[in-house]
Every structure is written in C-alpha cells, then in structure tokens.
A.B. asks: 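The structure's right below; bear with me while I get my questions together.
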Amino acid sequence: QQQLVESGGGLVQAGGSLRLSCAASIRSFSIYAMGWFRQAPGKEREFVAGISWSGDVTTYAASVKGRFTISRDNAKDLVYLQMNNLRPDDTADYYCAVGRVLGDGSSGPDFNYWGQGTQVTVSS
C-alpha cells in the first residue's frame, strides 16, 4: 500500500525559508516521478513542482520558479521542496504526489496519488 507523509510545514515571515520533506512508502520508489502540489483556502489544488524518476529533470510552476527547488534522495525514498523568499500568497496546504513510472514529472495530470499534506503559512 502506498503512503506519503509530508513534514516541515509551519509559520514563517515573508522572505523566509522552509524545507518540506516527503517520506514515501512506495514499492520501487526510484522509478516514479514525484511532485509537490498546493491548495490555498478557497482555491483548487495546483501543481508546484515535479521531478523525474532519475532526478535529472525538474519542472516548476511560474509562480515559484527561481524560489523553490525540488529534489529527491532515491536511496532514502525521500522528496524535498526547498522554499526560499516565501510570500504570503504561498500560504497553502502542500501535498507530495506520485507521478508516472519513468516519468519526467512535468505534467500535473500525470500525478495520481497524494499525501495528507502539511500546512505552510507565510505572514506579511
């Protein structure tokens, strides 16, 4: 049974940084693209970042490009989202997600399983 557990969320001032982690209990984790999504209050869930199964391809939403970095550790079945220069409009619940086998993680619709999320609040 697949399981994703996110951690690292919290309250931070604008301009600050947070690092989210996702511990994945997935058979053959290293062959799956992985990603991060977020959902702000009253809004739909949106794609934030994706990483290919091998880690050599990363994709970002325009709103976070240059500020967020996705990475993975296939030896430890972990995915990270380093978030720098946070803004109040980054406030949301952040979800780790599983993508396609041998995928590049670049397309939101390719993801089909999400964790329970971790809350990020950015104060102005």
A.B. asks: Does any non-hydrogen side-chain atom of Tyr80 lie less than 4.5 Å from one of Cys22?
C.D. replies: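 They are not in contact (no side-chain heavy atoms under 4.5 Å apart), so the answer is no.
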A.B. asks: I'd like to know if the side chain of Asn74 reaches the main chain of Trp53, judged simply by a donor and an acceptor atom lying under 3.5 Å from each other, with no hydrogens or angles considered.
C.D. replies: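 Side chain of Asn74 to backbone of Trp53, a donor-acceptor pair under 3.5 Å: yes, one is there.
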A.B. asks: Give a yes or no answer on whether the side chain of Arg72 reaches the backbone of Ser52 with a donor-acceptor pair at less than 3.5 Å.
C.D. replies: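 Yes, because the side chain of Arg72 sits within donor-acceptor range (under 3.5 Å) of the backbone of Ser52.
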A.B. asks: Between the main-chain N or O of Pro88 and the side-chain N or O of Ser124, is there a donor-acceptor pair closer than 3.5 Å?
C.D. replies: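 No, the answer is negative, given that no donor and acceptor are paired below the 3.5 Å cut-off.
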A.B. asks: Heavy atoms, side chains only, cut-off 4.5 Å: are Ile26 and Leu4 in contact?
C.D. replies: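 A side-chain contact exists here, since the closest heavy-atom pair is under 4.5 Å.
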A.B. asks: Are any non-hydrogen side-chain atoms of Thr59 and Asp104 less than 4.5 angstrom apart?
C.D. replies: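 Answer no - side chains too far apart.
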A.B. asks: Tracing side-chain links under 4.5 Å among I, L, V, M, F, W and Y, which residues wind up in one group with Tyr95?
C.D. replies: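 Taking Ile, Leu, Val, Met, Phe, Trp and Tyr as members, Tyr95 shares its hydrophobic cluster with Phe37, Phe47, Phe111, Trp114.
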A.B. asks: Ignoring hydrogens and angles, tell me if any N or O in the side chain of Arg67 forms a donor-acceptor pair with the backbone of Asn85 under 3.5 Å.
C.D. replies: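 Yes, because the side chain of Arg67 sits within donor-acceptor range (under 3.5 Å) of the backbone of Asn85.
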A.B. asks: Between Met34 and Val57, is there a shared hydrophobic cluster once you connect ILVMFWY residues whose side-chain heavy atoms come closer than 4.5 Å?
C.D. replies: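 Shared cluster, no.
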A.B. asks: Is the side chain of Gln116 donor-acceptor paired with the backbone N or O of Glu6 at a distance under 3.5 Å, no angle test?
C.D. replies: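 Pair absent, no side-chain N/O of Gln116 close to backbone of Glu6.
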A.B. asks: Check for me, please, whether Leu20 and Phe68 land in the same ILVMFWY cluster - side-chain distances under 4.5 Å, paths through other members count.
C.D. replies: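 The answer is yes; both residues are in one hydrophobic cluster.
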A.B. asks: Output yes when a side-chain donor or acceptor of Tyr32 lies under 3.5 Å from a complementary backbone atom of Leu102, and no otherwise.
C.D. replies: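 No.
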A.B. asks: Under 4.5 Å between any side-chain heavy atoms of Leu81 and Thr69, yes or no?
C.D. replies: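 When only atoms from C-beta onward are counted, Thr69 and Leu81 do not touch, as no gap falls below 4.5 Å.
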A.B. asks: Please answer: with hydrophobic residues joined when any side-chain heavy atoms are less than 4.5 Å apart, are Val12 and Trp36 in the same cluster?
C.D. replies: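 Hydrophobic grouping puts Val12 with Trp36.
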A.B. asks: With ILVMFWY side chains joined below 4.5 Å, transitively, what does Leu11's cluster contain besides itself?
C.D. replies: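 The other cluster members (ILVMFWY side chains, heavy atoms under 4.5 Å, direct or chained): none.
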A.B. asks: Any donor-acceptor pair under 3.5 Å linking the side chain of Thr118 with the backbone of Gly9?
C.D. replies: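 Side chain of Thr118 to backbone of Gly9, a donor-acceptor pair under 3.5 Å: yes, one is there.
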A.B. asks: Distance check, rounded to the nearest 0.5 Å: Ser30 atom OG versus Asp73 atom CG?
C.D. replies: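 The CG atom of Asp73 is 11.0 Å from OG of Ser30, to the nearest 0.5 Å.
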A.B. asks: Check salt bridge (Lys or Arg N to Asp or Glu O under 4.0 Å) between Arg38 and all other residues, then give those that pass, not counting sequence neighbours.
C.D. replies: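 Testing Arg38 for salt bridge (Lys or Arg N to Asp or Glu O under 4.0 Å), a comparison that skips the adjacent residues, returns Glu46, Asp90.
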A.B. asks: Would a 4.5 Å heavy-atom cut-off, applied to side chains only, mark Val120 and Met83 as touching?
C.D. replies: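 Yes; the side chains approach each other to less than 4.5 Å.
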A.B. asks: Going by side-chain contact (heavy atoms from CB on, under 4.5 Å), name the residues that satisfy it together with Thr58, two or more places apart in sequence or in a different chain.
C.D. replies: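 By the side-chain contact (heavy atoms from CB on, under 4.5 Å) rule, Thr58 matches Ile51, Tyr60, Ile70.
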A.B. asks: Can you pull out every salt bridge (charged side-chain N to carboxylate O under 4.0 Å, His left out) where at least one residue sits in residues 107-124? Sequence neighbours excluded, please.
C.D. replies: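 Output for this query lists Arg100-Asp110.
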A.B. asks: Under the side-chain contact (heavy atoms from CB on, under 4.5 Å) test, which residues partner Asn84, sequence neighbours left out?
C.D. replies: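 side-chain contact (heavy atoms from CB on, under 4.5 Å) check on Asn84 returns Ser17, Gln82.
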A.B. asks: Would Ile31 end up clustered with Val79 when hydrophobic side chains under 4.5 Å apart are linked, directly or stepwise?
C.D. replies: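 Yes; Val79 is reachable from Ile31 via cluster members.
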